[in-house]
Amino acid sequence: MDAQSLQSKLEASGELIVKVTEFDQPLELHLHDTEISDDVISLELADGELEFSTDEVVGAWKHYHSLADYGLE
C-alpha cells in the first residue's frame, strides 16, 4: 500500500489494523508507536522493534472498539 495513504489513515483514527503478507494475523498500529516511511513501517513493541515493507501491506482498516463505532447501538 501507499505509505502516504497509510499515514493519513493512522493520523485520522490514531490506530489502524493492517494485513501484512508475511504475518498470519493482522497487526495493530498506533500513532504513538509506529513510524511510516516511504519503504518501511517500524512498530515499537515492548520487547523490540518490528519492521516490514510498506509493499507487504495488503489491507488496512480502522480499529473499532464498540458497537457505536460499527453504528450498531
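Annotation for Lys62 and Ser13: closest pair CG-CB, 4.0 Å, computed over non-hydrogen atoms. The shortest heavy-atom contact between Leu29 and Leu10 is O-CD1, 3.7 Å. The nearest pair of heavy atoms linking Ala3 to Ser37 is CB-O, 3.2 Å.
Applying the side chain to side chain donor-acceptor pair (under 3.5 Å) criterion to Glu11, with sequence neighbours excluded, gives Gln7. Checked against side-chain contact (heavy atoms from CB on, under 4.5 Å), Leu67 has the following partners two or more places apart in sequence or in another chain: Leu72. In this structure, the side chain to side chain donor-acceptor pair (under 3.5 Å) partners of Thr21, at least two apart in sequence or on a different chain, are Glu56. The side-chain contact (heavy atoms from CB on, under 4.5 Å) search around Ser5 returns Asp2, Lys9, not counting sequence neighbours.
Looking at Val20 and Val58, their side chains never come closer than 4.5 Å, going by heavy atoms from C-beta outward.
Within 6.0 Å of atom CD in Glu28, more than 12 heavy atoms from other residues, nucleotides or ligands are found, so the atom counts as buried in its surroundings.
Atom-to-atom distance recorded for Gln4:CD and Ile36:CD1 is 9.0 Å, nearest 0.5 angstrom.
Following chains of ILVMFWY side-chain contacts shorter than 4.5 Å, one cannot reach Leu50 starting from Val40, and the two form parts of different hydrophobic clusters.
Trp61 shares a hydrophobic cluster with Ile17; the chain of contacts runs through ILVMFWY side chains whose heavy atoms sit under 4.5 Å apart.
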For residues 41-49, run the donor-acceptor check on the side chains, cut-off 3.5 Å, and write out each pair with its distance to 0.1 Å, sequence neighbours left out.
residue : atom : partner : partner atom : Å
Ser42   : OG   : Glu51   : OE2          : 3.2

